[in-house]
2 protein chains.
Amino acid sequence: LISLENIYKIYKRGDTAVHALDGVTLQIENREFVAIVGPSGSGKSTMMNILGCLDTPSDGTYIFEDKDISKLNDDQLAVIRNRHIGFVFQSFNLLPKLDAVENVELPLTYAGKKGSVRRERAVEMLNAVGLGNRIHHKPSELSGGQQQRVAIARALSTDPPIILADEPTGNLDTKSGREIMEILKELHLSGKTIILITHDISVANQAERNVHIQDGKIVNDVKVVG
Amino acid sequence: LISLENIYKIYKRGDTAVHALDGVTLQIENREFVAIVGPSGSGKSTMMNILGCLDTPSDGTYIFEDKDISKLNDDQLAVIRNRHIGFVFQSFNLLPKLDAVENVELPLTYAGKKGSVRRERAVEMLNAVGLGNRIHHKPSELSGGQQQRVAIARALSTDPPIILADEPTGNLDTKSGREIMEILKELHLSGKTIILITHDISVANQAERNVHIQDGKIVNDVKVVG
Ligand SMILES: Nc1ncnc2c1ncn2[C@@H]1O[C@H](COP(=O)(O)OP(=O)(O)OP(=O)(O)O)[C@@H](O)[C@H]1O
Ligand SMILES: Nc1ncnc2c1ncn2[C@@H]1O[C@H](COP(=O)(O)OP(=O)(O)OP(=O)(O)O)[C@@H](O)[C@H]1O
Ligand SMILES: [Mg+2]
Ligand SMILES: [Mg+2]
């Protein structure tokens with residue numbers, strides 16, 4: 001499904017260079033549940049942005065469902081993102097002027113869904129993450145963990161086959177975090193591919209496979225036992 | 001030192017009202033190390049904003065070092081914040097156009113520190129949180145956990161007597177999170193008052209006292225044993 005081949009992401013600053021990704025090769029099959037684990041600054045979000053077609057590598061090849069991503073133009077990339085991938089960002093990226101339900105409707109709008117269908121689906125997703133009584137709150141009128149849950153609801157609204165989630169439980173208490181993991185596990189059982197970044201080893205252990213990254217390199221790739 | 005007396009924070013929305021804080025009474029003495037724990041949406045950040053003089057209650061009294069905060073004007077509140085409180089925000093609140101060292105220098109500038117003194121202190125703080133090699137990166141050129149660490153360095157830069165930290169380790173891996181907790185514990189031993197919000201029970205257990213909040217009310221207030 002997904003194949004990163006010797007991927008580099010290098011930021012040049014004057015005469016120094018930061019190798020955010022430093023030669024990453026990784027394959028992820030359909031329906032896998034993978035956790036990407038590693039220290040702060042090790043390249044996890046950079047890898048997610050490339051996997052999600054939001055960023056291009058400095059070198060190397062990214063094959064997504066048999067297509068070489070570097071050969072596609074912006075419109076083609078936008079279609080791939082909208083139809084195939086639900087993205088939960090580490091800093092949520094909600095639109096401040098839209099309320100919770102409008103934020104969750106956004107991917108449905110891009111997918112061409114009609115108004116009443118959109119609203120119904122968006123409300124359903126907000127209920128699923130426990131925010132049924134916050135649907136008309138703007139992001140500034142929500143707690144940190146509530147904003148994170150709106151971002152999760154938005155990622156799931158078009159029922160995408162692949163979910164990329166960057167620290168989806170970082171701002172959540174244990175109970176809310178567990179509810180989110182239950183949703184992700186159910187989605188996985190229903191056939192979705194789930195790639196999530198986490199620092200929390202108890203979250204990583206709920207995936208089937210853990211990929212360890214350090215200084216932009218993959219240092220370990222293991223099946224989760226038990 | 002700090003006394004919240006029957007504090008309410010109520011947001012009216014049409015004919016409904018959200019009681020973010022619903023009658024909170026709490027005293028915190030000089031040099032205490034308190035963790036505020038509770039579910040997502042329970043009122044923790046709202047309480048921090050009131051403690052940090054960034055927000056005013058709808059009802060109730062806040063006495064800070066024998067001063068009734070509701071009787072002070074904006075300038076007096078700004079002086080209190082700058083001289084007494086270092087604040088780590090849940091969403092960091094870094095200035096996007098300033099690089100890391102300029103962001104960390106900001107409270108030092110308000111405190112009237114000279115240029116070379118400011119720069120030296122800001123660099124020292126960034127080194128302390130492991131970001132000595134990122135001082136000229138802007139927030140958009142930093143990972144989530146690195147941005148969080150810049151926010152922590154900024155909170156500590158004026159060496160304030162009180163530190164209010166809202167989820168300071170939420171975006172950090174175990175090792176970086178532990179380094180931050182070591183810094184906070186050292187600061188506590190050196191005489192500072194530390195109030196931190198966390199969902200992480202292993203972080204809360206490193207404080208001396210845990211205050212549990214739920215639906216805007218304090219439901220438990222316990223000494224940490226061991
Ligand atoms: N401006 C506002 N208008 C209406 N409701 C608000 C507003 N700001 C906050 N709230 C509500 O107040 C409650 C408390 O918010 P707060 O940010 O204090 O929670 P929290 O305990 O910090 O949560 P988290 O752990 O998710 O960060 C939430 O239910 C939130 O939806
Ligand atoms: N635009 C940029 N210019 C320079 N360096 C950058 C830029 N963006 C990211 N970096 C660097 O690339 C490295 C990897 O960043 P990335 O955001 O992928 O880390 P991460 O593993 O997600 O970290 P965290 O767990 O803290 O979120 C970091 O050291 C960061 O400072
Ligand atoms: Mg990241
Ligand atoms: Mg909060």
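Reckoned from all heavy atoms, side chains included, excluding hydrogens, waters and symmetry mates. Remember, it's a predicted structure, so these values are computed and weren't measured experimentally. Numbers restart at 1 for each chain; the letters A, B, ... are given by sequence-line order, proteins then strands.
- For V37(A), no part lies under 4.5 angstrom from a heavy atom of chain B.
- Here OH of Y62(B) is found 12.5 Å from OG1 of T56(B). Values are rounded to the nearest 0.5 Å.
- Of all heavy-atom pairs between I152(A) and P168(A), the closest is CD1-O, 3.5 Å.
- In this structure, no portion of Q147(A) lies under 4.5 Å from any heavy atom of chain B.
- Only the side chain of S176(A) comes within less than 4.5 Å of a heavy atom of chain B; its backbone N, CA, C and O stay farther away.
- Neither the backbone nor the side chain of Q148(B) has a heavy atom closer than 4.5 Å to any heavy atom of chain A.
- In this structure, a donor-acceptor pair under 3.5 Å is present between the side chains of N171(B) and Q90(A).
- For the set H137(A), R134(A), H136(A), the entry with the most heavy-atom pairs within less than 4.5 Å of chain B is H137(A).
- Per-residue counts of heavy-atom pairs under 4.5 Å with chain B were compared for V18(A), D166(A), T198(A), D200(A); the largest is that of V18(A).
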query = Which is it for F64(A) and I162(A) under the side chain to side chain contact (heavy atoms under 4.5 Å, CB included) test, yes or no, and what are the steps along the way?
reply = CA-CA 11 Å; F64(A) 178 86; I162(A) 300 170; 3.5 Å; yes

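- Looking at S143(B), only its side chain comes within 4.5 Å of chain A, counting heavy atoms on both sides.
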* **side chain to side chain contact (heavy atoms under 4.5 Å, CB included) between V129(B) and L156(B), intermediate numbers included** => CA-CA 11 Å; V129(B) 298; L156(B) 308 183; 5.5 Å; no

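- Note on E167(B), E141(B), K44(B): by heavy-atom pairs under 4.5 Å with chain A, the leading option is E141(B).
- Chain A forms more heavy-atom pairs under 4.5 Å with one residue of G41(B), G38(B), G43(B), G130(B) than with any other, namely G41(B).
- A salt bridge does not link R149(A) to E179(A): none of the charged side-chain nitrogens sits closer than 4.0 Å to a carboxylate oxygen.
- The minimum heavy-atom distance between R154(A) and N93(A), with the atom names listed, is NH1-O, 3.0 Å.
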